[in-house]
**Q** 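Encoded as structure tokens, here's the structure I'll be asking about.
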Amino acid sequence: MLSGLVDALKPRVRRVVLYVLRSFPGFWRAIAGIGLLYRPLNRFVINLSVNITRRRPHAYSTLTSYTSWSSLTDKTYLGRHLPAKVAPADLPSVRELTALFRRPEANAPVCPKSTLLFPVFAQYLTDGFLRTNMNDRRRTTSNHDIDLSPLYGLNKTQTDVLRERSDAPGRRGRMKAQIINGEAFPPDLYEADGVTVRAEFCHPQTGAPLLDLPIGFRTVASEKGEAMNGHDRRIFAVGGDRANATPLVAMMNTVFLREHNRLAGELEGRNPTWDDERVFQTARAMVIVIFIKIVVEEYINHISSLAVPLTADPSGAWTAPWNRPNWMTVEFSLLYRWHPMIPDEMTWKGARVHSGRMVLDNRYLTEVGLTEALRMTSATHTGVLGLGNTASFLLPVEEAAIQQGRDQQLPPYNDYREMVGLARARTFADITAKPERQRALAALYGTPDRVDFYVGLFAEDVNPNTPMPTLIGMMVALDAFSQALNNPLLSEHVFNAKTFTDWGFKEIQKRQTIADLIARQAGREGEVDPAIVMTRSDWRRGPAMF
């Protein structure tokens with residue numbers, strides 16, 4: 001019934017509803033404490049976000065420009081929200097457009113709401129399912145689900161080599177780890193020579209690595225003028241080729257590695273007759289659900305401009321018409337390139353460190369420890385998401401993103417506005433209120449109907465009470481809810497105590513934030529560190545946007 005009501009809302013009525021939901025935070029907090037009222041409200045808000053456009057399955061993919069059986073079933077290709085459209089031949093060059101993203105040397109705009117923990121978590125989240133094939137950008141190596149593949153790997157072979165696989169009492173169900181300065185981290189991937197992958201992570205007959213090697217490692221080392229030495233850089237053996245990208249991403253993977261092993265220990269202690277396999281599989285299921293709860297209840301609530309706090313209530317998806325199998329799209333892959341939020345520098349151990357120096361070097365993490373790394377990340381402000389704010393070392397990545405949109409013949413920005421129920425931009429003032437940005441876009445494109453999808457996403461201004469511009473925010477909510485709450489572990493006949501045990505079912509339904517996990521792992525349940533946050537301590541909610 002609620003889904004039908006959401007579908008029936010006209011754009012103008014929808015704006016009024018959203019304005020009310022963005023206002024009166026005290027009232028909505030009070031409603032959140034009344035389960036009988038809050039549960040249908042939570043379901044209504046989620047449906048409002050998901051039902052802005054048509055539902056999966058996608059009619060098109062990057063395989064072909066037309067619909068075929070292969071394009072509907074071959075998930076090694078990315079899906080598409082809209083069919084391909086041939087762009088005009090006289091669009092501005094990709095190099096000219098990349099210049100729009102360049103950050104000023106001084107007075108770079110800073111996001112008033114977010115700490116650096118927010119985009120770091122976003123990168124870790126999306127690295128698990130937005131896995132563009134670097135040899136063919138039409139394709140993906142993704143499983144298309146939120147399955148924590150950076151931790152567990154993409155397949156059983158990878159998972160098996162990352163596990164201890166021991167039936168010894170006290171070790172059942174554990175993931176491999178090493179102790180550095182008294183703390184648990186993932187094991188090293190490389191031998192002491194820094195080049196040879198350790199034998200335990202290789203095929204026993206061929207010697208070929210069974211784990212995906214970190215993307216760009218050789219290139220980055222060469223650019224720094226250093227010899228490639230994965231051992232010295234503490235490159236970890238992990239489930240994803242992007243999980244070593246920075247020590248901050250490795251930091252997030254370490255949080256969930258420790259949580260898995262904590263839960264495995266608790267499960268083994270409560271179920272002493274269980275073998276290694278059952279302990280592992282139950283702990284894995286719990287960690288994935290906890291991760292999804294953090295995605296909704298900490299990460300999405302940080303993004304949201306609504307005054308209504310959202311919860312990861314899976315029951316709302318059980319009968320929802322949008323509950324369909326996941327298929328990541330090329331548009332979703334591009335809109336998550338939040339490079340402007342990454343600062344040029346951050347303070348690490350009391351010194352200023354250039355962000356580019358931290359790429360593929362986990363020594364920054366192991367030298368300070370997990371909790372201190374989380375605190376320093378949370379103490380760092382992010383840049384404002386938008387044009388004119390990308391650090392110089394990330395500009396080549398922006399250029400590649402624009403080119404990817406061109407290569408995949410993505411329709412222009414205005415077509416995506418129309419797709420989600422927004423009015424098409426008739427003037428550049430409809431995209432941004434910044435006169436200098438309007439002039440730059442007009443000089444390059446002439447008319448809003450020619451603006452590239454990727455450029456248009458970041459040309460918009462950030463809205464009040466959220467770190468997001470309008471179209472990015474709407475498309476993130478659309479895909480996040482419809483691809484998180486339909487996880488098999490949250491389905492009607494799986495989300496219960498039979499799957500997770502009585503203790504486990506209660507454990508996953510606790511409040512879940514990154515800080516909560518750190519407290520539990522330290523044996524201090526409820527003693528949450530206020531310095532580990534995605535939202536700045538000085539942020540205050542402002543007037544709602546109508």
Side-chain angles (χ1 to χ4, degrees), residues 92-120 122-123 216 219-226 245-249 334-361 364 376-403 405 428-429 431-445 451-452 454-463 466-469 472 536 538-539:
S93 72
V94 171
R95 184 60 58 87
E96 289 177 295
L97 295 172
T98 302
L100 294 174
F101 287 83
R102 185 180 298 278
R103 174 175 289 162
E105 293 185 6
N107 301 317
V110 175
C111 178
K113 185 174 186 180
S114 303
T115 75
L116 186 58
L117 187 62
F118 166 64
V120 167
Q123 182 175 354
T219 303
V220 169
S222 175
E223 289 174 351
K224 290 183 177 181
E226 302 174 7
T246 73
L248 307 186
V249 178
L334 285 173
L335 71 84
Y336 251 114
R337 314 289 175 92
W338 295 351
H339 309 125
M341 301 196 87
I342 306 304
D344 288 293
E345 296 180 331
M346 65 181 298
T347 300
W348 201 263
K349 292 175 61 178
R352 298 297 291 173
V353 179
H354 191 277
S355 299
R357 294 293 304 175
M358 302 178 80
V359 172
L360 289 162
D361 194 340
Y364 289 96
M376 289 188 290
T377 304
S378 299
T380 303
H381 298 166
T382 66
V384 169
L385 195 60
L387 295 182
N389 204 23
T390 297
S392 57
F393 76 97
L394 288 170
L395 287 175
V397 190
E398 302 284 29
E399 184 173 351
I402 301 169
Q403 187 62 56
F428 290 104
I431 301 175
T432 173
K434 295 180 170 59
E436 69 281 4
R437 194 175 289 180
Q438 294 172 19
R439 289 192 294 270
L441 292 170
L444 287 165
Y445 286 109
V451 174
D452 289 272
Y454 188 78
V455 174
L457 286 173
F458 296 95
E460 293 182 345
D461 302 326
V462 167
N463 288 321
T466 173
M468 300 286 108
I472 290 180
R536 288 174 48 166
D538 59 350
W539 178 75

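Just the heavy atoms: all of them, side chains too, but no hydrogens, waters or symmetry mates, feed the values below. Keep in mind it's a predicted model, so treat the numbers as computed, not measured.
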**Q** Do the side chains of Met346 and Leu248 get nearer than 4.5 Å, heavy atoms only?
**A** yes
**Q** Considering non-hydrogen atoms only, spot the tightest contact between Thr390 and Glu398 and give its length.
**A** OG1-OE2, 2.7 Å
**Q** Run the numbers on Tyr454 and Arg337 for side-chain contact (heavy atoms from CB on, under 4.5 Å), then give the verdict.
**A** CA-CA 9 Å; Tyr454 188 78; Arg337 314 289 175 92; 3.2 Å; yes
**Q** Taking atom CG as the centre, does Asp538 end up with more than 12 heavy-atom neighbours from other residues, nucleotides or ligands that are less than 6.0 angstrom away?
**A** yes
**Q** Working to the nearest 0.5 Å, report the span between CD of Glu345 and CZ of Arg357.
**A** 12.5 Å
**Q** Atom CH2 of Trp348 and atom OH of Tyr364: how far apart are they, to the nearest 0.5 Å?
**A** 10.0 Å
**Q** If every non-hydrogen atom of Cys111 is compared with every non-hydrogen atom of Gly383, which pair is closest and at what distance?
**A** CB-O, 3.6 Å
**Q** So which heavy atom on Asn463 is nearest to which on Pro469, and how close?
**A** ND2-C, 3.9 Å
**Q** Starting at NZ of Lys434, measure out to CG of Leu387 and round the result to the nearest 0.5 Å.
**A** 9.5 Å
**Q** Of the non-hydrogen atoms in Ser378 and Leu117, which two are nearest, and what is the gap between them?
**A** OG-CD2, 3.7 Å
**Q** Determine, stepwise, if the pair Phe118 / Met341 fulfils side-chain contact (heavy atoms from CB on, under 4.5 Å).
**A** CA-CA 9 Å; Phe118 166 64; Met341 301 196 87; 3.8 Å; yes
**Q** If you round to the nearest 0.5 Å, how far is CE of Met468 from OG of Ser114?
**A** 6.5 Å
**Q** Could you please spell out the steps behind the side-chain contact (heavy atoms from CB on, under 4.5 Å) verdict for Glu460 and Ile472?
**A** CA-CA 9 Å; Glu460 293 182 345; Ile472 290 180; 5.8 Å; no
**Q** Can you tell me how far apart CD (Glu105) and CZ (Arg103) are? Round to the nearest 0.5 Å.
**A** 12.0 Å
**Q** The criterion is ring pair (Phe, Tyr, Trp, His ring centres under 6.0 Å); which residues satisfy it with His381, sequence neighbours excluded?
**A** none
**Q** Apply side-chain contact (heavy atoms from CB on, under 4.5 Å) to Thr377 and Thr380, showing your working.
**A** CA-CA 5 Å; Thr377 304; Thr380 303; 5.7 Å; no
**Q** State, yes or no, whether a side-chain contact exists between Val94 and Leu97 at a heavy-atom distance under 4.5 Å.
**A** no
**Q** Side chains of Val455 and Tyr445: closer than 4.5 Å at any heavy-atom pair?
**A** yes
**Q** Within a strict 4.5 Å, meaning less than it, do heavy atoms of the Val451 and Phe428 side chains meet?
**A** yes
**Q** For Arg536, is the CZ atom crowded, meaning more than 12 foreign heavy atoms sit under 6.0 Å from it?
**A** yes
**Q** Any donor-acceptor pair under 3.5 Å linking the side chain of Thr347 with the backbone of Arg352?
**A** no
**Q** Check whether more than 12 heavy atoms from other residues, nucleotides or ligands sit under 6.0 Å from atom CD of Glu436, and answer yes or no.
**A** yes
**Q** Using ring pair (Phe, Tyr, Trp, His ring centres under 6.0 Å), reason through His339 and Phe101 one step at a time and then give a plain yes or no.
**A** CA-CA 9 Å; His339 309 125; Phe101 287 83; 8.6 Å; no
**Q** Compare all side-chain heavy atoms of Arg437 with those of Leu441 and state whether any distance is below 4.5 angstrom.
**A** yes
**Q** Can you list the residues that meet the side chain to side chain donor-acceptor pair (under 3.5 Å) rule with Thr246, with sequence neighbours excluded?
**A** none
**Q** Taking all non-hydrogen atoms of both residues, which atom of Val462 and which atom of Leu385 are closest, and how far apart?
**A** CG2-O, 3.3 Å
**Q** Tell me whether Arg95 at atom CZ has more than 12 heavy atoms from other residues, nucleotides or ligands lying less than 6.0 Å away.
**A** no
**Q** Can you give me the closest heavy-atom contact between Thr432 and Ala459, atom names plus distance?
**A** CB-O, 3.4 Å
**Q** To the nearest 0.5 Å, how far apart are CZ in Phe458 and CD1 in Ile431?
**A** 14.0 Å
